[in-house]
Q: 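Starting off with a structure, shown below.
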Amino acid sequence: GIYGARGELVPEFDKAQVIVSVDCDFLGTDGDVVSNTRRFAATRRPEQGKLSRLYVAESGMTLTGSSADHRLPMRPSSAGAFVEVLAGRGDPAEYGWDVKVVAALRQDLQANQGKALVVAGAHLPASVHSAVAALNASLGAPLSWNAEPGMLPASDPQDIAAALAAGPDVALFLGVNPAYDVAGGAEAIAKAKLSVGHGLTANETLGACTLALPSAHNLESWNDASPVLGMTTYCQPMIAPLFGGRQEAESLLVWTKALDANSTNAADFHDLVKKRSGLESKAWQAALRKGYKGAPQFNKAPAPKTLSAGRTKIGDGNMDVVLVAGPFLGDGRWAGNPWMLETPEPVTQLVWDNAAFMGPAAAEKLGVAKEDWVTITHGEQTLDVPVLVKSGFQKDTIVVHLGWGRTAGAGVGNGVGVNAYALAKGGLLLAGATAKSAGKQKHHLVRTQRAHDQMDREIARSGSAKEFAEHPDFAKHRRHHPPLRQIDEEVDYSKGHKWVLGIDLNQCTGCNACMVACQSENNVPVVGKDEVSMGRDMSWIRLDRYEAGDPENPEISQMPMLCQHCDNAPCETVCPVNATVHTPEGLNDQIYNRCVGTRYCANNCPYKVRRFNYFNYTGKDVEPVEELGQNPHVTVRMRGVMEKCTFCVQRINTAKFDRANKGEEVQDGDVVTACQQACPADAIVFGDVNIKGGEVAQAREANLAYHVLEELNVRPN
């Protein structure tokens, strides 16, 4: 390929001062997004003197574009021309790009040799990636190279199709689903004399195979992997297989030994993994406890071999269509997980559906509106998709997420959304596709946030680097209000514990990982599309998204919102049964068995973070195995109870008990909330503010620290 050798290119975002994304959502769906997010967030700490500049040229609005300092809407088929412009060739005005921004970008790249990095989206053609490689080489970009990537190179789909068309004697499908994600996949499977499907659920492929074999779940399996050079990670089962499944690797081992008894001396796959580790018993046990052995090793990226100009022909149809693996369903393998179905898509806040995402100009061009159906055609492929109109999408671009439209094996995800793999035969970028109104009845789309205007309240405060340099504490003084008067007697929280949580909005990307972590940790129920449409979603954390400026290219602010545990909590004063109370440690507690469901507290909460449980989601019909999905350390709430964030009080108490058993005091970092633990950007801090020098104590005194709606004097924590 481009680098003349098999390997994985690893962008070192944490070493970059200037980052340019060419239609690459490296914070959302492109590449190792967890590692990318952690590395990128490390450069967004202005109080530590770290503030990178992120330029994004993209077709659809993404998480990466939402975090951009400068964003340029770009038709994806002109990505090659954009890279040419970055390299000093071509006229940006020809494509409608802001000439001043592009000129500044060019200058910024050249002025930051060795600290400038350009990345391109996975859906873009090889010529664009080749041009980006050449540009990075000229800039001395911070890139490392993993010569032994953990994943095997993917085979050419045409080679696989040809092999199946030849009618093989035996075809094995291990943990893959070509009957769903390959056009004509089921028909191709039928040409094999014996087809064996091995999967976790009775999905589309298992239904098309001669034999359907149940797989064990990852948490019921042994495995190893080499995610980076020099490191091996180990996966060990948490429980024995519940339903008699067997992991695919175990089946391969058994079949191999049946064909040739001398092929291996491993008794089973567990034994094979242990032997392959090369570790003796004690070292093996230590590796299992840690989960890995070794340490990451990265080599310098080799010089690119192919130096193409990268210019690609702009599509001559009326639209470009980009097919993207959804941020939560991936290629469709997670479509049976209701957490993923009900987690709002970060940019549009859409739940329980995918859609044809497009901007207002594109919708006007096609004569469609929200919830209309549009027919997309590219070559011989065609697909009808409901429309969702959203700010920030380039005027000639439609974005559709893959992974939806399952028909078997996805449980509650069956029949949800449309299967966009019907268009994927021509690749993930369909330049010059046609789109027109399908003339069908509207399809109801549900979003968790409908208003994106802060109404001049500066809930999510923002400022420029220049403003920060001139006034480091500008965030504290941006919102002016009269002196705050305390009516009640002051409470002294300086003794004992005082629990406080902080979120760094410079680092938060709005990925929703905290929301799912909270849902998992605290047994928060999934309620379904109809209930969400009535505003009855139960998630304890929501990611509010605010937009300002040009609808075609808005400025974005993210704001995670959860119970603020106010010291002057307005919910507490209106509860007629004293179900919501304040503790000496600054927690706003909810006593479930006192609550009678008046919902006065929710009416009186300015942050709107309290959730009322309208239905008994954990009734008598819950199967015993379903109970294994509940956290035993957290109460399972019944119908008629008000609930909300507890600051993971169960984790607080566990840390206190562990220290008390040792005769010690709680230390900084002992308590890690679920949202904090899951945050890939390391944007959340939590702890006892009374621990001097502790992380949360420092964060609360930081120049950029402020409280949302502090003018109400509810004194949030």
Side-chain angles (χ1 to χ4, degrees), residues 13-14 16 19 26-28 33-54 63-64 66-69 346 454 458-465 467-469 471-479 499-515 517-518 541-546 555-565 607 609 645 647-648 668-669 671-689 691 693-710 716-717:
F13 294 102
D14 52 329
I19 302 167
F26 65 84
L27 297 178
V33 296
V34 173
S35 177
N36 292 346
T37 301
R38 179 60 60 94
R39 285 173 177 254
F40 172 71
T43 70
R44 309 291 274 193
R45 296 172 176 168
E47 292 199 312
Q48 298 178 14
K50 300 176 182 178
L51 190 57
S52 63
R53 288 182 295 286
L54 173 62
L63 277 181
T64 305
S66 300
S67 296
D69 300 297
Q454 297 195 62
E458 287 214 301
I459 297 168
R461 299 182 187 177
S462 60
S464 66
E467 187 174 7
F468 173 70
H471 305 286
D473 59 349
F474 76 90
K476 296 180 184 295
H477 308 297
R478 182 65 69 79
R479 184 87 174 164
W499 303 105
V500 169
L501 184 143
I503 303 175
D504 191 330
L505 300 183
N506 282 310
Q507 296 173 247
C508 173
T509 64
C511 70
N512 270 325
C514 56
M515 174 183 168
C518 175
I541 301 178
R542 68 174 190 268
L543 265 293
D544 289 341
R545 181 183 176 88
Y546 298 108
E555 294 181 5
I556 304 299
S557 297
Q558 313 273 11
M559 170 57 74
M561 183 52 61
L562 60 155
C563 175
Q564 303 291 295
H565 291 267
Y607 303 101
V609 289
C645 164
F647 273 176
C648 284
D668 190 46
V671 185
V672 178
T673 61
C675 57
Q676 178 186 9
Q677 182 179 359
C679 179
D682 201 22
I684 301 175
V685 295
F686 180 82
D688 182 355
V689 77
I691 298 177
E695 189 175 19
V696 77
Q698 294 182 51
R700 201 172 200 186
E701 298 303 318
N703 282 324
L704 291 173
Y706 76 98
H707 295 99
V708 177
L709 301 181
E710 61 191 351
N717 280 309

Q: What distance separates Glu695 CD from Ile684 CD1, expressed to the nearest 0.5 Å?
A: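 The CD atom of Glu695 sits 11.5 Å away from the CD1 atom of Ile684.
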Q: To the closest 0.5 Å, what do you measure between CG (Asn506) and CD (Glu47)?
A: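 Reported value, rounded in 0.5 Å steps: 8.5 Å.
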Q: Is there side-chain contact between Cys514 and Leu543, with heavy atoms separated by less than 4.5 Å?
A: yes
Q: Would you say that Cys508 contacts Met559 through its side chain, given a criterion of any heavy-atom pair below 4.5 Å between the two side chains?
A: no
Q: Report the distance from atom CG of Leu501 to atom CG of Asn717, rounding to the nearest 0.5 Å.
A: 9.5 Å
Q: Start with the C-alpha gap between Leu63 and Val33, add the side-chain angles, then the distance that decides, and say whether side-chain contact (heavy atoms from CB on, under 4.5 Å) holds.
A: CA-CA 11 Å; Leu63 277 181; Val33 296; over 6 Å; no
Q: Work out which heavy atom in Leu51 is nearest to a heavy atom in Ala465; give both atom names and the distance.
A: CD2-CB, 3.7 Å
Q: Within a strict 4.5 Å, meaning less than it, do heavy atoms of the Arg461 and Gln454 side chains meet?
A: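 In short, these two side chains do not touch, never coming nearer than 4.5 Å.
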Q: Look at atom CD of Glu555 and say whether more than 12 heavy atoms of other residues, nucleotides or ligands are closer to it than 6.0 Å.
A: no
Q: For Pro46 versus Phe468, what's the shortest heavy-atom pair and its separation?
A: O-CE2, 3.6 Å
Q: Decide yes or no on side-chain contact (heavy atoms from CB on, under 4.5 Å) for Gln564 and Val609, but give the supporting numbers first.
A: CA-CA 8 Å; Gln564 303 291 295; Val609 289; 5.6 Å; no
Q: Which atoms form the tightest heavy-atom contact between Tyr607 and Pro716, and what is the distance?
A: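 Closest pair (atom of Tyr607, atom of Pro716, distance): OH-CG, 3.7 Å.
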Q: So, for Cys511 and Pro346, which heavy atoms are closest and what is the spacing to 0.1 Å?
A: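 Heavy atoms only, the tightest pair is O-CG, 4.2 Å.
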Q: Using modelled atom types and a 3.5 Å cut-off, is there a donor and acceptor pairing between side-chain atoms of Tyr546 and backbone atoms of Ile459?
A: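 No, because the side chain of Tyr546 does not come within donor-acceptor range (under 3.5 Å) of the backbone of Ile459.
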Q: Could you measure the distance from the CG atom of Asp682 to the CZ atom of Arg39? Nearest 0.5 Å is fine.
A: 14.5 Å
Q: When you look at Ser66 and Arg545, which way does the side-chain contact (heavy atoms from CB on, under 4.5 Å) test go after all the steps?
A: CA-CA 10 Å; Ser66 300; Arg545 181 183 176 88; 2.7 Å; yes
Q: Any donor-acceptor pair under 3.5 Å linking the side chain of Asp14 with the backbone of Ala42?
A: no
Q: Between Arg44 and Ser67, does any side-chain donor sit less than 3.5 Å from a side-chain acceptor?
A: no
Q: Counting N and O atoms only, with roles assigned by atom type, does the side chain of Glu701 sit under 3.5 Å from a partner on the main chain of Ala699, one being a donor and the other an acceptor?
A: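 No, because the side chain of Glu701 does not come within donor-acceptor range (under 3.5 Å) of the backbone of Ala699.
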Q: Please confirm whether the backbone N or O of Arg478 pairs with a side-chain atom of Tyr706, one donor and one acceptor, at under 3.5 Å?
A: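 Absent.
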Q: If you round to the nearest 0.5 Å, how far is CD of Gln558 from CD1 of Ile556?
A: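 Atom-to-atom, Ile556:CD1 and Gln558:CD are 7.0 Å apart.
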Q: Taking the side chain from Thr37 and the backbone from Ala681, do they hold a donor-acceptor pair closer than 3.5 Å?
A: no
Q: Start with the C-alpha gap between His565 and Val500, add the side-chain angles, then the distance that decides, and say whether side-chain contact (heavy atoms from CB on, under 4.5 Å) holds.
A: CA-CA 9 Å; His565 291 267; Val500 169; over 6 Å; no
Q: Take the angle between the ring planes of Phe647 and Phe686 and call it parallel below 30°, perpendicular above 60°, tilted in between.
A: perpendicular
Q: Answer yes or no: is there a donor N or O on one side and an acceptor on the other, between the side chain of Asp69 and the main chain of Leu54, under 3.5 Å?
A: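 Checking the backbone N and O of Leu54 against the side chain of Asp69, a donor-acceptor pair under 3.5 Å is found.
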Q: I'd like to know if the side chain of Lys50 and the backbone of Ala41 have a donor-acceptor N/O pair within less than 3.5 Å.
A: no
Q: When rounded to the nearest 0.5 angstrom, what distance separates CZ in Phe13 from CZ in Phe26?
A: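 These two atoms lie 4.5 Å from each other.
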Q: Compare all side-chain heavy atoms of Leu505 with those of Pro560 and state whether any distance is below 4.5 angstrom.
A: yes
Q: Identify the heavy atoms of Ile19 and Ser52 that sit nearest to each other, and give their distance.
A: CD1-OG, 4.5 Å
Q: Is a side-chain donor or acceptor of Gln698 paired with a backbone partner of Gly693 at a separation under 3.5 angstrom?
A: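 Such a contact is found between Gln698 side chain and Gly693 backbone.
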Q: So which heavy atom on Val689 is nearest to which on Ala697, and how close?
A: O-CB, 3.7 Å
